[in-house]
Each structure stands twice: as structure tokens, then as C-alpha cells.
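I have placed the structure first, in the form of C-alpha cells, so that the comments after it can refer back to it.
Worth knowing before you read on, the calculation uses all heavy atoms, side chains too, and leaves out hydrogens, waters and symmetry mates. The structure displayed is predicted, hence computed values, not measured ones. Order of listing sets the numbers, starting from 1, for every ligand and every atom in it.
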Amino acid sequence: MAMNHRSHVILEKDLQDALTNDEFHLYYQPKVDLTYGELIGAEALIRWKHPERGIISPGEFIPLAEDTGWIISIGEWVLRSACLQLKEWEFSELDSITMSVNLSVRQLYQPDFLEIIRGIIEETRVNPEKLELEITESMMMDIDFAYTILRELKNMGFQVSIDDFGKGYSSLHYLKKLPIDKIKIDQSFIQHCTRDLNDATIVKTMIVMAHQLNFQVVAEGVEKEDHIVFLQRNLCDEAQGYLFSPPVAAYDFLTTVRNVNKVVEKHGLTNDDVV
Ligand code: C2E
Ligand code: MG
Ligand code: MG
Ligand code: MG
């Protein structure tokens, strides 16, 4: 326990320095449209290149950043960096892709959050319609408050999606109440969906239900060829996962796009098949 406490403290002090020392980086993972078989977006995922510890994954420091409040400045940095990257891609062959950014609920609760995000949009001149804000359902405690903020974000033009759908509790309640565009089915359901009948049923049902509620559906953690077949057959809209590409640095993203195209071709994920 004492050891734990100590490393916690060291990390928290390091979190403070990480921003000023430019130790955070964004990686990008492609999102593929399953109907047309094309790359349509990227999800920005933070990495911390710690001078002594090497690369630290968000699972290890986001909870600490949330507890200590550092998530506010880190989150602002993430938003601005993702917008700048999206702007840069507008001048390349990636000109039509969208950018997904993960938001911590702690950010939403920040009194000036809307002002901050509006400021970033003005400063970077990104079209908010090309930005998708991902929120993890299990963390949205106050549904009325979440509704107000999400409504504002929708009015500003942002897309909103519920991340890790199915993993938390109260999921259906959120679907009923919140103004969202998409659900992202948690990877734990996708993993065995072609081998486990329960997972298959849950995934199929989630897709049908989401569509009937006018939400789009993204499958997370697509790692195998038969996942694609299953998801396409069940009319899932989009997919992300190691089968296409892991998250990569911005300078590797163009190469990644070519790999994605290869995977898409190999699986015959084309327009012709669907019609
Ligand atoms: P998430 O938003 O659900 O992101 C998906 C996670 O699954 C990423 O982990 C990604 O690298 C991983 N992943 C993608 N495809 C596959 C696959 O095929 N198989 C498996 N096993 N994993 C896959 P990562 O980058 O470690 O991020 C973990 C979580 O940390 C994210 O989950 C998100 O909740 C949070 N996170 C990441 N970046 C940020 C950020 O900038 N801000 C906030 N607030 N949270 C972030
Ligand atoms: Mg996400
Ligand atoms: Mg997720
Ligand atoms: Mg998540």
C-alpha cells in the first residue's frame, strides 16, 4: 500500500510536468465504414512518453488525471491537438475524414467547458461536424446535467457517441434520454461474437435496437476476419480494431490508410457486395 501511494504521488507530480514538457502525444486509429468499405475517420488516443518510464498508456494515467483534476488541462490539450491534426489532414488525401476525441465526464462538468471547446473550434477553424465526441456511459452520473451539455454540443454541430457501450450500467436509460448519434459497442462483446452465442445475440440485438432508435453503430476491437463478416451481415455501420490497424502516430497514418485499403479489398468490403 505504501509503495502504491508513493508511486501515485510521483506520477501526479509528473503529470504536472508532462504538459509543459511536451510529453503527451496523440496516436490515431482508423475507423472504417462497413457499408462502403472505406476509411472514414480517426480516433485520437493519448500516449504519454515518460522520460524514465517509456510509453504509458491512458489506462494507467487517465484515472489519476481524473482524480487529480489534471484531466482538465490534458483534455484541452487533446482537443486542440486533434483539431490541429484534422486541419492538417484537410490539405491531404485525408481531406474528408472525421476525428473522434474521447472526453472525460470530468471535462463536461467543468463550468467553462463549452467556452473552451468553442474557443478551440474558432482558433483551429475546424468544422465541428467533423468532430465526434466520445463519452463513456458508465461515468455519466447526472443524466439531466449530461443532457444539457450534450444538447449544447449537438447545437454547435458536434457528433456525440457513447463509448464502451454495454460495459457500464444503466445503458438503456442513457439511450432513452441523451441526444446522441452513435453507440460504440464495447470490444468485450465483439471479441467472441463469432464463437459465443450469447455475445452474438447481444451484438445483433444492440445493432437492431440502436438502428431503431436512429443511432449509428460502431464495433470496437475488431481483430479477426470473421468479425467483419459477422458485423457486415448484421448491418453494423462502422468498425475499428487491430485487424485494420492499431493506433499509430500521425506521420504513420497515411501508410496505415494504405493497409486499411488492403484489408478492405481482401475482405471484399465494397459497395457492390452490399447492394
Ligand atoms: P477507448 O476510447 O474505448 O479506445 C479504444 C481502446 O482499445 C484503445 O486503447 C485502443 O488502442 C484499443 N484497441 C483498438 N483496437 C483494438 C483491438 O482490436 N483489440 C484490442 N484489444 N484493443 C484495441 P488505449 O489507446 O489504451 O485507450 C484506452 C482508453 O483510454 C480509451 O478507450 C479511452 O477511454 C481512454 N483514452 C484514450 N485517450 C484518451 C483521451 O485523450 N482522453 C480521455 N479522457 N480518455 C482517453
Ligand atoms: Mg473512444
Ligand atoms: Mg471503447
Ligand atoms: Mg473508453
Greater than 12 external heavy atoms within 6.0 Å of Glu223's CD: yes

Check each heavy atom of Arg47 against ligand 1 and say whether those closer than 4.0 Å belong to the side chain, the backbone, both or neither. side chain

Contact partition for Gln187 relative to ligand 1, non-hydrogen atoms under 4.0 Å: side chain

One thing to verify: whether Glu93 and Arg258 come together as a salt bridge, which I'm taking to mean a side-chain N less than 4.0 angstrom from a carboxylate O. yes

Heavy-atom distances under 4.0 Å decide this one: backbone, side chain, both or neither, for Ile74 against ligand 1? neither

Between Ser100 and Lys31, do the side chains contain an N or O donor and an N or O acceptor separated by less than 3.5 Å? yes

Under 2.8 Å: N/O/S of Ser100 next to the Mg ion (ligand 2): no

Metal-centred angle, OD2 of Asp163 through the Mg ion (ligand 2) to OE1 of Glu134, rounded to 10 degrees: 90°

Salt bridge check, Lys262 against Glu265: does any charged N sit closer than 4.0 Å to a carboxylate O? no

Side chain, backbone, both or neither: Leu243 near ligand 1, heavy atoms under 4.0 Å: neither

Counting only N and O atoms by type, is there a donor-acceptor contact under 3.5 Å from the side chain of Gln29 to the main-chain atoms of Ser245? yes

Name, closest N/O/S atom of Asp164 to the Mg ion (ligand 3): OD1

Say whether Glu66 and ligand 1 are in contact under the criterion: heavy-atom distance to a ligand atom below 4.0 Å. no

Is the distance from the Mg ion (ligand 2) to some N, O or S atom of Glu43 under 2.8 Å? yes

Check if Gln29 has a non-hydrogen atom at a distance under 4.0 Å from any atom of ligand 1. yes

List every atom of ligand 1 that sits less than 4.0 Å from any heavy atom of Glu223, numbering the atoms from 1 in the order shown and giving each element. 17 (C), 18 (O), 19 (N), 20 (C), 21 (N)

Salt-bridged, Glu122 to Arg118, with N to O below 4.0 Å? no

Is it true that atom NZ of Lys154 has more than 12 heavy atoms of other residues, nucleotides or ligands lying nearer than 6.0 Å? yes

At what distance, to the nearest 0.5 angstrom, does OG of Ser104 lie from CD1 of Ile74? 10.0 Å

Just let me know how Asn102 lines up against ligand 1, side chain, backbone, both or neither, with a heavy-atom cut-off below 4.0 Å. both

Where does Pro247 meet ligand 1, judged by heavy-atom distances below 4.0 Å: at the side chain, the backbone, both, or neither? side chain

Would you call Arg125-Glu90 a salt bridge at under 4.0 Å N-O? no

Pairs of nitrogen or oxygen atoms closer than 3.5 Å, one from Ile46 and one from ligand 1: do any exist? yes

Examine Glu220 and say whether one of its N/O/S atoms is closer to the Mg ion (ligand 2) than 2.8 Å. no

